[in-house]
Each structure stands twice: as C-alpha cells, then as structure tokens.
**Q** 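My questions will all concern the structure given below.
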Amino acid sequence: MTSIIRFTALSGAYSESALCYLLEIDKYRILLDCGWDETFPEETIEALRPHAASIDVVLVTYPDLPHLGALPYAYGKLGLRCKIYSTRPVQQMGQMFLYDVYTARLSQENFDKDTFTLDDVDGVFKLFETVKYSQTVALTGRGKGITITPYEAGHMVGGTFWKIAKDTEQILYAVDFNHRKERHLNGTVLETHNRPTLLITDAFNFGVKQEKRAKRDSDLVSKILSTLGRDGSVLLATDIAGRVLELLLLLDQAWTKAGLAAFPLIFLNSLVNNVLEFARITVEYMSDRLLQTLDTAVPFALPNVRLVRSLHELDRIPGPKVVLSSLDGLTAGLSQQLLFRWHDDPKNLLLFTSRPCPGSLGRRIWDQWNPETGELTSPNFEVDVTERVLLEGEELEQYQREEAERRDAEEKARQMEAQSEEDDDDDDAEKELMQHDLMKTKAVGKNRTFKQKTRLHPMFPYVEEKVYWDEYGEAINVLDFAAADTTEQHSQPEQQTQPEQAAALPVAPPTKIVASTKRLTLQCAVSYVDLEGRADGDSVLRILEHVKPRKMIVVHGPRERTIQFAEMCASSEQMNLSAIDHPGPGQSVDVTSEQNIYQVRLTDTLMSKLHFSKVENHELAWVDGILRMDMDEDGTRLSSAGRRDSISSMEGIAPEGLLPSLEAAPEKASSGHKSALVGEVRLSDFKQVLNSEGIEAVFSGGVLVCEGTVAVRKDTTGNVSLEGPVSPTYYAVRQLLYDQYAMV
C-alpha cells in the first residue's frame, strides 16, 4: 500500500525563522510544529492563516517559542481546534515559555489585544494530549491507519522527534536534535532507526564546528570568573524553561567546586519557582545519570542558586553578580532592562549561549561580535523601545471622565435588563396563576346548561416545581438541609462584607504606551559560548549515514547552507538517497513513494463482487474493472459533456475536483487471471507453525528441514522453494506453506 504524501513549508525554510510545516497524508493534514519567535513577524502568521482551521492534528517537538509560539494565536484568532500531541514536559514547559513572553511584552505594549491573551494560552493547552517516549498512538477519523510515535531527541527536556507511519510508509520528522549526553538529558536515539521512507530534518547547524563539551563548559566558567574578578556583573541571556536547566546545573556545580558562595548566582524571572517545580516532576524524561541520584539528592535543588522574581528584589543584592534571565533575544522583559542598566560599564559582561532569533536586538549584537577578537565590530545600536507610563494631568482627567460615563452606561443597561427580567417574571407568574386558578366560574361553567348542576371544587393555585437530575441522581440544594438559625447567622454578614470586598479589590492605575528610540553604545564586554544543545554539522551527517533514508527534505537553515547540506547528502554513497528536496517558503513537494498511483472511488457493484484475502494488517483483492471519469469528489455524476471535457483534458490524470470511479467489468471483457501468492514468510515463524502441527522441523545451514526429508529454502531475493520426495509430509508442508500467503 502507498499513500499520497505532500509536504509544504509554511515557515522555517531558507531561514532561521520559526518552524511550521504542513504534512498531508491522503488529505489528512498534520502540522509539524507551530512556532513563532520573539519578534512575532507577521509573515509567519500569514503563511499559517489559510490552513489553521483545517488542520487535523499538531505534533510539537520542543517547548520553546520557535516550535510552539504561534499556537495561542492560531487558537484565539485562526480557529485551530484539533488535538495537539507532545510529551508532558513539552506541554508544561511550553506554558512557561508563553507565560514568560506574554508577561514581558504586556509590560511594554498592548500584547493581549494585538497577539494573544492568557485565555488563549490556557485554551490551546487544553487541546494537548501527552504521550510518552516510544508510545504509539493510532489516529482516528480521517487519519485511520496513521500512527504517530515520539522518540527521544535531546536538546530540551521532553524534546522529541516523531515517527509517522501508514501502511508501508514511515516518515521521520527530526529537527534540532542532539546526540551528546548532557547533565540533565540523554542523547537522541535517531541512529536506531533505519531506512525510513522519508526523513524531514534541518540544516541549522550544518557547517558549525564544535569543540568538546568539557572545553566549552570550561570556557563559560572562566569568562564568568574573570568578569567577577574585576568586580563586574554577568548578564547571561537565556530562555525560561529550556536550555536554562543545563546552565543552572553547570553553574551550580562550578560554584560548589570553586567555592564561589560570595558571588550571588541568580535565576531572575517571575516564574522561577514554577519552572523548577516542573523540572523536578518531569525528571523521568531526563538523563540516566540524573535519575541515579534520586536516592541521595533532590533533583534541581541548586543550593547555590538564588531565585529572584523582580528587579526590585535584585536591587537588594549588592556587589558583582551573575544573573540568568530571559528573553535571550533581548526584545523585552527583565533581560532587556538589565542590559539598559549595565551596558555602559566596561567591567560587565553580556554572555550568549545560543544564537538569538533573527531580527531581535540580541541577534544584532551577536552578528556584530567577532569570535576571533572577542570584540564588537560596531558597538552602537538604535533600539525601538515601548513602555507603559502612568497617565497624568489632562489625560488622566479625560480617562476618568470616560470611565465614569462608561460605568453610568453599564449601570443603566444593567438596570434596564433587571427591570425587563422582573416584568417577564411577573407575566409568567400571572400566566401560571390563570392556568391553575379554578375559582373563575365563568370560564369553567361557560358551556353548561341550567339542568347540569355540578359542584365546583375550589383549590388554591399551585405550581409544581421541576426536579433536576443528572448521572448521579437528583440535584440537591444545600440550603434545604441547612438549619434555619445557621442560615440567618451567615447570610447577613455575607451581604455586609460583599461591598467591602469589592472595594478592596486592587484597581490597576491607568497607563498608556509610549514609544521611543534609544541609542545604545555597548561598553560592556560581549561573548558567546555554544551551549545550544544541538548536534554539529559533522555529527548530523554521520547520524544520517546510519539512518539511510530513502527520501529526504531539508528545512530550517539559511538558503546557502540548506542547499550545500542537501547537495552533500545527495552525493553521499552511504545514504543512497533516491530523492532529496529543499522547498522554500510556501513551496510544496510531492514525496509519494510511487508516482504512478492515483485515488479512485470503487462503486458498490464492484465492491460486492470482490473477494478479499488478509495479509497481516491489510486486505487484498484482484480487481477487473473499467475506469470512468464522470464523478466529482462529492460523488455527483457529471453530464456527458462534462465527462468528455474532463477526459479529453486529463491525459490519464484526474484534474482538480474530479475523482475517477472504478466499475465492475462485464464478464465477457474479463479474461480472468492466474492466482498470485502475496506476502512474506519468515522461516523462523514457519518452523513454529510446523511444530504446532506435529511436524518436526530443524534448521541446518540456513535450510529448514522437515521430518528429515523435505527442505524449505529462502534465497536472497525472498523467493521460497520446497524440495523433497513426493510423500504425505511433502504435501502437508506445502499446504501449510500456502496458508502463510494470501491468494488473490
């Protein structure tokens, strides 16, 4: 069986922008990551907009913004409502990433109106379905027959590469993976997969050469120590819940080893407690070495790290210090504010451990950094800054007048609504009383004659109360079981305290957004140590030579680097690729294994004549039919003119909107066919079948010998032959061998 597979690069092609790709398997639409970066470029959303509402499932690989940052916007404004699959750490840490960027941007702009709100974040994470490593999930609905399985990828906690399988097709989506073991993560298991139908991978680190990890760790610590030695402070721009975990473990161990308790090591963010708590409860997804220490130590206890939630708390800590803060692109938040404070002191150090996202202030600084000299080519930067300021003077008075008018209008509308509800209640009560009031003799005795004297029985008006039920039985009103004095005691104070509580609620002071341009001349030192946690270019090539995919798609990397990486893979004899593509932004690639296959509709008449044979998980049948091109995709039969036009224009391939139908061929036109055996027999499995039927079978030199007289051989091409004298054993073995195949 072969499926029609189509791949479209929505974002993250020929660039280092966020990753977002559309994979279609027989019209089932799978979104591979849904990223957005710190700068929130419009082009990322515009590429996603036409597809978001029709996505069937989303697979997320990592918890950072480039892999899931656009999910809240797609949920809140584009109508994304499908299931989203990830590991549990990706779900939990992903929320931390989004809460962090929301808080940072909201302090400087109307982020909730223009981009997404916290309700959007919470709403989209309710769509998440968490899975464990190597857990296979069978999709349902239109995706019936497709399975998805996550595997360990390294890089970040819960990091995943996905295997997507249907029938004989196996697709691997593996980006940003890391093969090296780290303090808190194992390496990827990508090398254990062999010969998939399609591999989708990235060229982000192609051409990047890395020194040994111990050397890079030592460089990081030495740069920090030299800065502290000259009474300077270090700003380590990082993320909130991804690579920061490795940095915290590294620096905490270095502080213990070097006895640096006199220098504060600070993790600065309002979400620090939540991040470390999530790290402790997801330790099962971390390295084997970390798991071995659970009996003797609490993971991520970090005795040398001080958790600080705001700049106000940071100001209370005097002297040189090392601060780890997000966002690493310095686009907003506490890291940007610290840079504005410390940039003019030559004793301080701005330290990067990963490449910031394109277009950010951090990336502009990183691009100016010369790795050979360690200096900036140009230290001058212009930064567009927005900030919230309190309203004052006439603006404040105007705001207060508008708020008072708004409150008056809301109060009037509320009163009118309440009055309308009271009128409706009175009308309903009158109708009910009229319905049950039997004292109105005129209405009752209107049609009676003078001879009919029936006594009228007066009764009080009565309205039957409705009884509500649910799956647990009758709904109970708690007040019916409360003591009368208890109810009176508690109801009065509660009514008295409500106005006081409402008055005590804090009201945010009115603010406005003020935009300005700041000119920064960085006098502080700037440096970079590669601790991104990605495999380098040479290692990626060695891993892919073990995987040996049949086809390959390269994404996520600068255009020149992507093309060079694709050409190197295509020329590799070890990979033996049949095809390799590197689509640009918005481009689609047809990666169907067999190009001469088409979808057809089988008519009911034909289906009733087919005889299916089961082969493993598939059913096969021989078809003798006539192909007709007279139906559209909805099954509506076209007119003869429309049929002639479509047939003359298609040249053997169905045009858009038309789906050919296959009808049963007349008996005279069908000449029959020779029976064919379909399937594959493993001699080891066939030996168990023979033994279960009482036939003794043993292997001798790779040949299965039955009862010492009949030999079953299998050559390198997969053909099975049966040799031996004509005997009851020969016929019994032959019949059992036939039973292992499907005959069509």
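Counting from 1, the numbers follow the sequence of the chain as shown.
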**Q** Let me confirm one number: the CD1-CZ distance from I84 to F125, rounded to the nearest 0.5 Å.
**A** 7.5 Å
**Q** What distance separates I148 CD1 from K166 NZ, expressed to the nearest 0.5 Å?
**A** 14.0 Å
**Q** If we ignore hydrogens and angles and just use 3.5 Å, is the side chain of D26 paired with the main-chain N or O of I4 as donor and acceptor?
**A** yes
**Q** List the atom of A174, the atom of T201, and the distance in Å for their closest heavy-atom pair.
**A** O-OG1, 2.9 Å
**Q** So that I can tick it off, tell me whether E182 and R213 are bridged by a salt bridge, with the cut-off set at under 4.0 angstrom between side-chain N and carboxylate O.
**A** no
**Q** Would you find a donor on one side and an acceptor on the other, under 3.5 Å apart, between the side chain of S287 and the backbone of L290?
**A** yes
**Q** For the pair V58 and Y85, evaluate side-chain contact (heavy atoms from CB on, under 4.5 Å) and give the outcome as yes or no after the intermediate values.
**A** CA-CA 6 Å; V58 182; Y85 286 95; over 6 Å; no
**Q** Evaluate the criterion side-chain contact (heavy atoms from CB on, under 4.5 Å) for residue pair F128 and Q92; output intermediate values, then yes/no.
**A** CA-CA 10 Å; F128 269 68; Q92 294 175 334; over 6 Å; no
**Q** Would you say T282's side chain and F278's backbone share a donor-acceptor pair under 3.5 angstrom?
**A** yes
**Q** Within the 4.5 Å heavy-atom criterion, are V157 and L185 side-chain neighbours or not?
**A** yes
**Q** Does the side chain of F7 come within less than 4.5 Å of L198's, by heavy atoms?
**A** no
**Q** After noting the C-alpha distance and the side-chain angles of D33 and Y173, does the key distance pass the side-chain hydrogen bond (donor to acceptor under 3.5 Å, both in side chains) rule?
**A** CA-CA 10 Å; D33 285 326; Y173 174 58; 2.7 Å; yes
**Q** If I take atom NE2 from residue H546 and atom CZ from residue R195, how far apart are they, to the nearest 0.5 angstrom?
**A** 14.5 Å
**Q** List the steps, then state whether salt bridge (Lys or Arg N to Asp or Glu O under 4.0 Å) holds for R355 with D328.
**A** CA-CA 8 Å; R355 284 163 282 184; D328 56 357; over 6 Å; no
**Q** Under the criterion salt bridge (Lys or Arg N to Asp or Glu O under 4.0 Å), I'd like the reasoning laid out for E24 against R29: C-alpha separation, chi angles, the key distance, then a yes or no.
**A** CA-CA 5 Å; E24 297 174 87; R29 300 162 68 85; 3.2 Å; yes
**Q** Checking D56 against R142 for the salt bridge (Lys or Arg N to Asp or Glu O under 4.0 Å) test, could you report, in this order, the C-alpha distance in whole Å, the side-chain angles of both residues, the deciding distance, and whether it holds?
**A** CA-CA 8 Å; D56 294 300; R142 293 199 306 164; 2.7 Å; yes
**Q** Would you check if the side chain of T192 reaches a backbone N or O of V189 as a donor-acceptor pair within less than 3.5 Å?
**A** yes
**Q** Can a side-chain donor-acceptor contact be found between N186 and R180 if the only test is distance below 3.5 angstrom?
**A** no
**Q** Checking D239 against S326: is there a side-chain donor and acceptor pair closer than 3.5 Å?
**A** no
**Q** Using 4.0 Å as the upper bound for N to carboxylate O, is an ion pair formed by E169 and R550?
**A** no
**Q** If you round to the nearest 0.5 Å, how far is CH2 of W162 from CG of L32?
**A** 10.0 Å
**Q** Show the nearest heavy-atom pair for residues A254 and V221, with the distance to one decimal.
**A** CB-CG2, 3.9 Å
**Q** Does some side-chain heavy atom of V554 sit less than 4.5 Å from a side-chain heavy atom of D581?
**A** no
**Q** Is atom CD of Q574 surrounded by more than 12 heavy atoms (other residues, nucleotides or ligands) closer than 6.0 Å?
**A** yes
**Q** Please give me the minimum heavy-atom distance between W369 and S527, naming the atom from each residue.
**A** NE1-CA, 3.8 Å
**Q** Going through the distances and angles, do V540 and D536 end up as a side-chain contact (heavy atoms from CB on, under 4.5 Å)?
**A** CA-CA 6 Å; V540 170; D536 62 285; over 6 Å; no
**Q** With a 3.5 Å distance limit and no angle check, can you tell me whether Q740 reaches the backbone of L736 through a side-chain donor-acceptor pair?
**A** yes
**Q** Can you see which heavy atom on K132 is nearest to which on Q135, and at what distance?
**A** N-OE1, 2.9 Å
**Q** Answer yes or no: are there more than 12 heavy-atom neighbours, outside K548 itself, under 6.0 Å from its atom NZ?
**A** no
**Q** Is a donor on one side and an acceptor on the other found under 3.5 Å between the side chain of R216 and the backbone of E211?
**A** yes
**Q** Is the charged tip of R534 near the ring of F204: under 6.0 Å from the six-membered ring centre and within 45° of its axis?
**A** yes
**Q** Taking atom types as modelled and ignoring hydrogens, do the side chains of T188 and H179 form a donor-acceptor contact shorter than 3.5 angstrom?
**A** no
**Q** Indicate yes or no: does K223 engage D219 in a salt bridge with an N to O separation below 4.0 Å.
**A** no
**Q** CD1 of I164 to CD1 of I146: how many Å apart, nearest 0.5 Å?
**A** 8.5 Å
**Q** Assert yes or no for the condition that the ring centre distance of F177 to F161 is strictly below 6.0 Å.
**A** no
**Q** Quick check: Y151 with H193 (ring centres under 6.0 Å apart)?
**A** yes
**Q** Have S578 and K551 got a donor and an acceptor in their side chains that come within less than 3.5 Å?
**A** no
**Q** Check for a donor-acceptor pair, side chain of T256 on one end and backbone N or O of D252 on the other, with a separation under 3.5 Å.
**A** yes
**Q** Do you know which two heavy atoms are closest between E16 and P558, and how far apart they sit?
**A** OE2-CG, 3.8 Å
**Q** Going through the checks in order, is the salt bridge (Lys or Arg N to Asp or Glu O under 4.0 Å) test met by E191 and R542?
**A** CA-CA 9 Å; E191 290 184 2; R542 286 195 295 270; over 6 Å; no
**Q** Can you confirm whether L327 sits close enough to D100 that some side-chain heavy atom of one is under 4.5 Å from a side-chain heavy atom of the other?
**A** yes
**Q** Taking atom types as modelled and ignoring hydrogens, do the side chains of T149 and T136 form a donor-acceptor contact shorter than 3.5 angstrom?
**A** yes
**Q** Does the side chain of I30 come within less than 4.5 Å of L22's, by heavy atoms?
**A** no
**Q** Do any N or O atoms from the side chain of W36 and from the backbone of T44 form a donor-acceptor pair under 3.5 angstrom?
**A** no
**Q** Is the backbone N or O of V175 less than 3.5 Å from a side-chain atom of Y62, with the two atoms forming a donor-acceptor pair by type?
**A** yes
**Q** Indicate yes or no for a side-chain donor-acceptor contact from Y28 to the backbone of L139 under 3.5 Å, with no hydrogens or angles considered.
**A** no
**Q** Between S11 and A18, what is the shortest heavy-atom contact and its length?
**A** OG-O, 2.7 Å
**Q** Heavy-atom distance under 4.5 Å between the side chains of L324 and V244, does that happen here?
**A** yes
**Q** State, without any angle test, whether T562 and R559 hold a side-chain donor-acceptor pair at a distance under 3.5 Å.
**A** no
**Q** If we count only N and O atoms by modelled type, under 3.5 Å, do the side chains of Q253 and R183 hold a donor and an acceptor together?
**A** yes
**Q** Contact between I553 and L199 at the side-chain level, heavy atoms closer than 4.5 Å - yes or no?
**A** no
**Q** Do R243 and T238 have a side chain donor and acceptor closer than 3.5 Å?
**A** no
**Q** Check whether any side-chain heavy atom of V101 sits under 4.5 Å from a side-chain heavy atom of F40, and report yes or no.
**A** yes
**Q** The test is side-chain contact (heavy atoms from CB on, under 4.5 Å); show your working for Q91 and T87 and say whether it passes.
**A** CA-CA 7 Å; Q91 180 201 28; T87 58; over 6 Å; no
**Q** Got a sec, which residues hit salt bridge (Lys or Arg N to Asp or Glu O under 4.0 Å) with E545, two or more places apart in sequence or on another chain?
**A** none
**Q** Using 0.5 Å steps for rounding, measure from the CG atom of L71 to the CG atom of L31.
**A** 8.0 Å
